[in-house]
Amino acid sequence: MAPQTRRMPFPKVVIERDSDSNQSTSDDDDDGEEAECSLSESETEFEDAAENGKTDEVEIGNMGMMKKGKELLSKKKGDVPLTIRLQKVCKVCKKPGHEAGFKGATYVDCPMKPCFLCKMPGHTTMTCPHRVASEHGVIPAPMKNTQNYLEYFFLRQIRPNIHPIKPAYVIPDQVCCAVIRYHSRRVTCLEFHPTKNNILLSGDKKGQIGVWDFDKVHEKMVYGNIHSCIVNNMRFNPLNDGTIYAASADGTISFTDLETGISSSLMNVNPDGWQGPSTWRMLYGMDVNSEKGVVLFADNFGFLYMLDMRSNNKTSEALLIHKRGSKVVGLHCNPVQPQLLLSCGNDHFARIWDMRKLEAGSSLYDLPHKRVVNSAYFSPLSGRKILTTCQDNRLRIWDSIFGNLESPSREIVHSHDFNRHLTPFRAEWDPKDPTESLAVIGRYISENYNGTALHPIDFIDITNGQLVAEVMDPNITTISPVNKLHPRDDVLATGSSRSLFIWRPKERSEPLEQKDDRKIVICQIPGKKYKQKFGGESDDDSDDYGFASKGKNIKLEKRKAKSTPYPRKGKH
DNA sequence: AGTGTATGAAGCC
DNA sequence: TGGCTTCCCTACAC
């Protein structure tokens with residue numbers, strides 16, 4: 001039998017490319033296969049010019065491209081020439097005429113979407129009014145004078161701690177030491193030692209807990225057998241600062257001796273083991289109340305638990321404090337009033353509780369938010385203010401916890417978007433600021449700094465919304481959602497991806513060029529070759545957490561910020 | 001350089 | 001309520 005030949009010739013295909021598309025092949029290529037091939041290369045828009053001149057527009061994403069293309073071609077088999085115009089579409093909204101994404105180190109927003117910073121429609125991040133305003137307060141901070149008894153006693157108690165004059169802020173703006181790839185998964189929480197100034201604790205997504213002496217730099221330890229997955233919060237034991245508590249999504253509260261690494265599980269909220277994801281309890285928020293001698297922690301079903309710190313027995317049954325089935329991600333005890341507890345979670349609320357009468361639904365105040373509340377903290381000295389970080393890209397401040405709590409006294413628009421691959425951002429108070437007005441938080445959106453997209457860490461004056469400082473380092477190209485200011489020293493600790501960084505004020509640091517190489521330690525998983533971000537390939541697998549050898553050390557170049565990400569009207 | 005994948009909240013039906 | 005899909009700047013390994 002003679003081979004069958006194609007009776008109907010394949011339709012003539014004319015490919016027209018968008019004028020600003022990259023390379024252009026022969027415009028009048030009539031090879032069908034070639035057309036399909038080209039179509040799969042990039043996101044394009046089909047335009048099918050039919051015989052009567054009527055135009056059929058079909059928008060196709062890159063995945064459905066081939067299939068749709070074939071359908072289209074087969075439909076048109078035998079028809080007059082098929083014109084396929086290759087036109088670039090925006091990867092965000094799939095519409096032609098514009099493109100979103102990185103242009104070099106600058107990110108261009110899709111104009112069809114709401115502003116990535118303030119979430120309002122009609123403009124992009126570049127032109128967002130919150131980028132150019134000198135302050136962001138949507139509601140002025142009112143000084144509420146409630147003059148109730150509680151307020152009176154409260155003020156008497158804290159008055160000596162309140163500074164009348166705001167001192168100049170000291171900003172730790174230069175990286176002085178770092179451990180690169182210290183953790184094997186991203187860092188989730190940080191904690192400074194309450195008495196030893198140079199000890200930093202870090203928890204990660206894998207369940208490991210690191211203990212790092214950042215003055216000696218190379219003195220570091222990672223405990224990998226304490227938890228089996230994400231460490232959500234850690235606290236030092238107020239009765240013995242050589243021991244810590246940690247809450248993990250493995251459903252346990254651990255108690256660990258930092259010297260020996262010996263750890264015990266104080267409580268397991270999944271006593272029956274794994275019964276499927278719908279019943280598995282994970283622990284998120286945690287705090288210790290030294291006055292009451294209890295460890296408080298909460299799970300992903302809305303429940304609060306309490307353990308007596310001396311007996312390690314639970315002091316009460318689990319108590320529903322947030323919407324049933326929602327995560328309670330943060331707990332904080334008031335530093336001055338031990339009866340007051342602050343919680344926050346995925347039900348879009350932060351709640352204030354009186355620990356003397358804790359029962360479901362008995363919260364003193366419910367502070368509403370538009371999205372999940374990542375964190376809620378009382379101010380560190382007076383405990384009178386509350387700072388929350390919400391996934392709606394806003395920081396909120398309640399100036400007086402005894403005032404009108406129906407609405408925050410201030411909202412500050414700030415880029416700290418939720419991203420499932422990042423540890424949630426949490427704005428943290430500066431515990432050293434006597435005026436309780438300085439907060440630190442990492443920034444999600446990047447800025448083009450001399451050709452590199454960097455994500456700075458912002459210092460914000462929460463009394464007026466002003467950006468006091470933004471710190472960045474050319475070597476930290478990853479987002480830094482985890483930040484903690486030292487309780488006594490002018491030191492900032494940053495967790496960015498798997499690495500840790502310690503910042504100090506520039507004027508107090510010795511020039512980096514003269515520094516000991518070992519100020520920066522590169523860690524790696526044994527046997528793995530990996531590309532260093534900072535200077536070539538490393539195959540040093542002599543040590544689990546080996547030092548960077550001389551010459552391979554990270555080069556910290558002096559940064560030259562070309563532009564200010566949040567240009568202000570005045571000086572900041 | 002290109003791709004797969006870890007993964008969480010929101011919104012829809 | 002539950003199951004499904006979508007999602008805008010990730011980080012990193014291969």
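Every chain is numbered from 1 and lettered A, B, ... according to where its sequence line falls, protein lines coming before strand lines. Since the model is a prediction, treat every value here as computed from it, not as a measurement.
Remark: P of C:dC9 and CG of A:N419 are 7 Å apart, rounded to the nearest angstrom. A:Q391 places its CD atom 15 Å from the C1' atom of C:dC8, with the value rounded to the nearest Å. The distance from atom CD1 of A:I445 to atom C1' of C:dC9 is 9 Å, rounded to the nearest whole Å. Between the CZ atom of A:R185 and the C1' atom of C:dT10 there is a distance of 14 Å, rounded to whole Å. One interatomic measurement links the two molecules: CD1 of A:I479 to C1' of C:dA11, which rounds to 10 Å at whole-angstrom precision. In this structure, CD1 of A:I476 is placed 13 Å from P of C:dC12, rounded to the nearest angstrom. The distance from atom CZ of A:F102 to atom C1' of C:dA11 is 13 Å, rounded to the nearest whole Å. Rounded to whole angstrom, the span from the NZ atom of A:K103 across to the P atom of C:dC8 amounts to 17 Å.
Taking the ring pair (Phe, Tyr, Trp, His ring centres under 6.0 Å) definition, one finds that A:F301 meets it with nothing, sequence neighbours left out. Partners of A:K323 according to the salt bridge (charged side-chain N to carboxylate O under 4.0 Å, His left out) rule, which considers only residues two or more places apart in sequence or in another chain, do not exist here. For A:H416, the ring pair (Phe, Tyr, Trp, His ring centres under 6.0 Å) partners are A:H414, not counting sequence neighbours. For A:R396, the salt bridge (charged side-chain N to carboxylate O under 4.0 Å, His left out) criterion is met by A:D392, A:E411, not counting sequence neighbours. For A:R235, the salt bridge (charged side-chain N to carboxylate O under 4.0 Å, His left out) partners at least two apart in sequence or on another chain are A:E191, A:D287. Remark: A:Y365 pairs with no residue by the ring pair (Phe, Tyr, Trp, His ring centres under 6.0 Å) rule, at least two apart or across chains. Applying the salt bridge (charged side-chain N to carboxylate O under 4.0 Å, His left out) test to A:D299 and every residue at least two apart in sequence or in another chain returns A:R281.
Heavy atoms of A:S446 sit under 4.0 angstrom from at least one base atom. Contacts of A:F116 with the nucleic acid, taken as non-hydrogen atoms under 4.0 Å apart, include base atoms. A:K327 comes within 4.0 angstrom of sugar-phosphate atoms only, judged by non-hydrogen atoms across all strands, and of no base. Looking at heavy-atom distances under 4.0 Å, A:D417 makes no contact with the nucleic acid at all. Residue A:P481 is out of contact with every strand shown, counting any heavy-atom pair closer than 4.0 Å.
In this structure, the nucleotide among C:dA13, C:dC8, C:dC12 sitting nearest to the side chain of A:R181 is C:dA13.
Between A:K323 and A:C110, it is A:K323 whose nearest contact on DNA chain C lies nearer the 5' terminus. When each of A:R371 and A:F418 is assigned the nucleotide of DNA chain B bearing its nearest heavy atom, the one mapping closer to the 5' terminus is A:F418. Taking for each of A:K205 and A:K370 the nucleotide of DNA chain B with the nearest heavy atom, the 5'-most of the two is the partner of A:K205.
Between A:Y444 and A:F418, the gap from one ring centroid to the other reaches at least 6.0 Å.
With a cutoff of under 4.0 Å to any heavy atom of chain A, the contacted region of DNA chain B is bounded 5' to 3' by B:dA6 to B:dG11.
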Between protein and nucleic acid, restricted to nucleotides 3-7 of chain C and to nitrogen or oxygen atoms under 3.5 Å apart, what atom pairs and distances do you find?
unit_1	atom_1	unit_2	atom_2	d
C:dC7	N3	A:R420	NH1	3.0

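Listed pair A:T125 / C:dC9 fails the phosphate criterion, with no side-chain N or O lying under 4.0 Å from OP1 or OP2.
Annotation: cation-pi geometry not satisfied between A:K103 and A:Y107 (NZ/CZ under 6.0 angstrom from ring centroid, within 45° of ring axis).
Under the 3.5 Å distance criterion, with hydrogens and angles disregarded, a donor-acceptor pair is assigned to the side chains of A:S496 and A:T478.
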